[in-house]
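Right, one structure below, let's go through it.
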Amino acid sequence: MKIYDTSTRSLVALPERPGPVRMYFCGPTVYQRIHVGNARPFVLSMWLRRWLIECGYDVTLVENITDVNDKIYDAARAEGIASTDLAAQAAAWYVEDTALLGLGRPDVEPLVTETMPEIVGLIEDLVARELAYEADGDVYFRVRDFEDYGCLSRQRPDDVQEQEPNAAKEDPRDFALWKGQKPSEDAHWPSPWGDGRPGWHIECSAMAEKFLGTDFEIHGGGLDLVFPHHENELAQSRGAGREFAKIWMHNGMLQLTGEKMSKSLGNIATLREVVEEWGRETLLLYFMTGLWRNPIDFSIDAMDAAASQVESFRNALRSGGAPSEASPAADSANDAGWQELVAALEDDFNTAAALAIFHGWRATGQHALLRRGLALFGLDGLEVEDAVPPDLAALARARVAARAAKDFDEADRLREQIEQAGWGVRDTVSGFELVRRR
RNA sequence: GGCGCCGUGGCCGAGAGGUUAGGCAGGGGCCUGCAAAGCCCUCUACACCAGUUCGAAUCUGGUCGGCGCCUCCA
């Protein structure tokens with residue numbers, strides 16, 4: 001299994017199975033409903049965990065929830081509520097919305113507010129090593145004393161543009177590990193440097209270490225986090241003597257800038273709205289169409305195409321017999337077929353290639369393989385039908401009788417009636433099939 | 001200004017020095033009472049300009065265009 005690693009800009013092999021493979025993915029800062037783009041790292045991490053487990057790896061996935069942050073203070077103040085209440089509410093929204101994807105939960109979803117002792121401890125380590133210093137109740141990381149600073153993003157510290165100068169810092173490039181409480185901030189925690197709250201970067205270093213140990217295999221997150229967030233995490237943890245992450249996975253951004261979507265669909269941008277509008281299967285399949293580290297455009301056309309593909313799989317499985325037909329014997333007979341998928345996914349988790357393989361299985365009627373493959377991506381159960389309303393079944397039976405009597409006007413009227421109810425009727429060799437229209 | 005990523009057919013998107021990606025949409029056909037679903041056939045490609053090579057969409061250089069990040073404030 002090879003994965004593209006940001007720090008070496010190359011494909012890096014995972015250790016021999018069973019590993020372990022310990023993964024830390026940066027989750028969201030919670031202050032509002034998450035955006036559909038925020039679902040990409042979540043989906044990637046959950047898929048990757050499923051796949052690695054399938055491959056026989058011992059996997060642990062930690063995905064944090066940042067519940068202390070400037071944006072939370074700002075949003076709460078704007079709404080006139082306590083920041084801790086907003087964070088708790090928005091964290092619940094996040095769990096609720098990502099649960100709609102039907103992919104399960106990460107093994108651990110730590111909160112910053114529950115990791116304060118570890119965060120403070122890590123900062124104390126850095127202060128003791130003189131890689132951090134206190135200034136007016138803040139604590140800053142001494143960038144110039146960490147030689148490898150920039151090794152992940154390949155930014156040279158000297159080239160970084162200086163933002164708002166802060167007189168308390170020794171060097172404009174230094175970043176905050178701990179921030180003393182400001183009057184406008186209603187939530188704060190005690191520390192050796194006074195009340196305040198952690199900087200954005202240190203929390204991830206502390207949470208990763210708390211649940212995965214001082215070294216782990218994969219650190220993931222959005223490409224926008226490479227600098228400064230992950231660069232700073234790396235500097236803090238390595239500076240404190242930890243090995244930290246071996247492979248850095250950064251997923252590409254979901255582009256939402258196209259005006260076609262905002263004009264035609266209104267403000268469909270949050271995850272839950274997208275799932276409600278298109279269904280979880282369509283969104284998941286849409287994510288499969290692009291390589292995880294490339295940007296993808298979110299558009300109506302792309303979602304329509306994904307929906308059509310979902311329908312084609314659904315139809316194939318519908319007419320492919322009951323799931324119980326997928327016997328172990330049939331699977332082992334198709335082991336060569338499965339190896340195709342293994343090859344595609346072991347090559348940097350190429351889900352687009354996997355999708356093409358699925359279409360091949362669909363077209364050749366290899367439903368046991370198809371079910372097994374789709375299930376990896378949370379697309380199992382596609383063929384599970386909604387219960388047919390008895391009155392529609394009666395209409396369909398009446399239509400069969402009308403067709404037998406060559407009364408096609410009546411048959412078409414009945415079909416129209418069924419379609420009005422949101423269902424479709426298909427004639428089959430054995431009679432008819434009623435399917436929910438989507 | 002700095003550090004990177006990317007430009008593939010109507011659309012979405014893999015691939016990566018010679019060999020079909022796949023899907024969606026479009027056209028034609030089969031099937032059907034008509035449909036639906038399915039199947040068959042089919043049309044459009046590798047931003048531009050140089051170079052390396054027997055051969056480049058794939059390598060190199062340049063041009064143009066798009067995107068991400070640049071330190072409390074993704």
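Computed from a predicted model, the values in this text were never measured in an experiment. Every chain is numbered from 1 and lettered A, B, ... according to where its sequence line falls, protein lines coming before strand lines. Hydrogens, waters and symmetry mates play no part in the numbers below; they use all other heavy atoms, side chains included.
When the nucleotides B:G2, B:C34, B:A37 are ranked by their closest atom to the side chain of A:Arg403, B:C34 comes out on top. Residue A:Asn315 has its side chain nearest to B:G38 when only B:C70, B:G38, B:G33 are considered.
Residue A:Asn232 places no side-chain atom within donor-acceptor reach of the base of B:C72, judged by atom type and a 3.5 Å distance cut-off alone. The base of B:U71 lies outside donor-acceptor range of the side chain of A:Tyr140, with no N or O pair under 3.5 Å. For a distance-only test at 3.5 Å, the side chain of A:Arg415 qualifies as a donor-acceptor partner of the base of B:A35.
Separating the P atom of B:U44 from that of B:U20 is a span of 16 Å, rounded to the nearest Å. To the nearest whole angstrom, the two P atoms, one in B:G2 and one in B:U71, are 16 Å apart. B:U53 and B:G23 have their P atoms separated by 39 Å, with the value rounded to a whole Å. A gap of 35 Å separates the P atoms of B:A14 and B:C72, to the nearest Å. Atom name C1', nucleotides B:A47 and B:G7: the rounded distance is 6 Å, in whole Å. To the nearest whole angstrom, the two C1' atoms, one in B:A25 and one in B:G9, are 12 Å apart. Here the separation of B:U8 from B:C12, taken at their C1' atoms, is 11 Å to the nearest Å. Nucleotides B:G17 and B:C64 are separated by 25 Å at their C1' atoms, to the nearest Å.
Of the possible donor and acceptor atoms, one in the side chain of A:Tyr73 sits under 3.5 Å from a partner among the backbone N and O of A:Ala187.
A:Asp145 meets the side chain to side chain contact (heavy atoms under 4.5 Å, CB included) test with A:Leu131, A:Arg142; sequence neighbours excluded. With sequence neighbours excluded, the residues forming a side chain to side chain contact (heavy atoms under 4.5 Å, CB included) with A:Thr8 are A:Asp5, A:Ser10, A:Val12, listed by chain and number. Listed by chain and residue number, A:Leu285, A:Tyr286, A:Gln309, A:Leu355 satisfy the side chain to side chain contact (heavy atoms under 4.5 Å, CB included) test with A:Thr289 (two or more places apart in sequence, or in another chain).
In RNA chain B, the stems built from three or more successive Watson-Crick or G-U pairs (distances below 3.5 Å) are B:1-7 with B:64-70, B:10-12 with B:22-24, B:26-30 with B:38-42, B:47-51 with B:59-63.
The residue A:Arg154 sits close only to the backbone: its heavy atoms come under 4.0 Å of sugar-phosphate atoms, none of a base. Using a 4.0 Å heavy-atom distance criterion, A:Val425 is classed as a base contact.
Nucleotides of RNA chain B nearest to A:Ala363 and A:Tyr31 differ in position, and the one nearer the 5' end is that of A:Ala363. Comparing A:Val143 and A:Tyr4 against RNA chain B, the residue whose closest nucleotide sits nearer the 5' end is A:Tyr4.
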Nucleic acid footprint by protein, nucleotides 14-26 of chain B - heavy-atom cut-off 4.0 Å, B for base, S for sugar-phosphate alone = SS-----BSSSS-
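Within the structure, a side-chain polar atom (N or O) of A:Lys169 is placed less than 4.0 Å from OP1 or OP2 of B:C72.
Between the P atom of B:C34 and the NZ atom of A:Lys406 lies a distance of 11 Å, rounded to the nearest Å.
RNA chain B lies under 4.0 Å from at least one heavy atom of each of the following residues of residues 61-71 of chain A: A:Asp70, A:Lys71.
Looking only at side-chain heavy atoms (C-beta outward), A:Ile3 and A:Leu14 come within less than 4.5 Å of each other.
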